[in-house]
Amino acid sequence: MVVAVYPGSFDPATYGHLDIIRRASISFDKVVVGVLHNSAKTPLFSVEERVNILEKAVIDIPNVVVKPFEGLSVNFARENHAQVIVRGLRAVTDFEYELQMAQTNRVLAPDVDTVFLTTSLEYAYLSSTIMKEVALFGGDLSRFAPEEITDALKQKIRKR
Ligand code: ADP
């Protein structure tokens, strides 16, 4: 049984993330999505909110679970008995950082491999940051994430 973890901030999740999760769920027996609680960053959504949002979005995929985590992705992988870390690659701008992370993780945990899924073309431009910026200025979010997520985002921005 091949288990993959998919770690990230998911603040909040976009169609780009959901596409990677769906495709990873086809290639691996189980996918554990890891929502990073990073005390050095101030995300818009709390880790609990980000987990809840993702859980609802992947409810129809039986071999996907969503969990919060803190610290190193390789430790999260080991805790979940995962052999693979999945990351999404959008453009060359992602590449340098992702390569460095993958190589570091290989030094830390040679038994865990990083697998990159290239983003689907229609989501190549998309990031949580871009979606939040458009939301801030009242733009149409319907192409970026499912309605439950964009509604939660609009509500969060109104409250600020
Ligand atoms: P991080 O802070 O770890 O980069 P993100 O939530 O921004 O967390 O992204 C998590 C993972 O999802 C990363 O591997 C990132 O490259 C990937 N990703 C983000 N947006 C997209 C997208 N539109 N298409 C494919 N992969 C994406």
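Atoms within each ligand, like the ligands themselves, are counted from 1 in listed order.
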Closest non-hydrogen protein atom to [atom], residue and atom name please, with distance?
atom	result
atom 8 (O) of ligand 1	S9 N, 3.0 Å
atom 18 (N) of ligand 1	H17 CD2, 3.8 Å
atom 21 (C) of ligand 1	R90 CD, 3.5 Å

Polar atom proximity, Y123 to ligand 1 (N or O, under 3.5 Å):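 Indeed, backbone or side chain, Y123 has an N or O that close.
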Any N or O of D11 closer than 3.5 Å to N or O of ligand 1: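 No, since none of the N or O atoms of D11 sits under 3.5 Å from an N or O of ligand 1.
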Sub-4.0 Å heavy-atom contact, Y6 with ligand 1: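 Flag set, Y6 near ligand 1.
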Could you tell me whether a side-chain N or O of [X] sits under 3.5 Å from a main-chain N or O of [Y], the two making a donor and an acceptor?
X	Y	answer
K132	D11	yes
T150	E147	yes
S120	E122	no
D29	V2	yes

Within ligand 1, which atoms have a heavy atom of [X] less than 4.0 Å away?
X	result
G8	3 (O), 8 (O), 10 (C)
F10	6 (O)
R87	1 (P), 3 (O), 4 (O), 10 (C), 11 (C), 13 (C), 14 (O)
T119	22 (C), 24 (N), 25 (C)
L126	20 (N), 21 (C), 22 (C), 23 (N)
I20	25 (C), 26 (N)

Parallel, tilted or perpendicular: ring planes of F10 versus H17, cut at 30 and 60 degrees: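 F10 vs H17 ring planes: perpendicular.
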Neighbour count >12 (heavy atoms, 6.0 Å) for atom CZ, F95: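 Open.
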Within one Ile-Leu-Val-Met-Phe-Trp-Tyr cluster: V134 and F45, side-chain cutoff 4.5 Å: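 In one cluster with V134: F45, yes.
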Residue pair P146 / K56, side-chain heavy-atom distance below 4.5 Å: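 P146 does not reach K56 side chain to side chain.
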Minimum non-hydrogen distance to atom 14 (O) of ligand 1, winning option of G88, P43, G16: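 Of the listed residues, G88 has the closest heavy atom.
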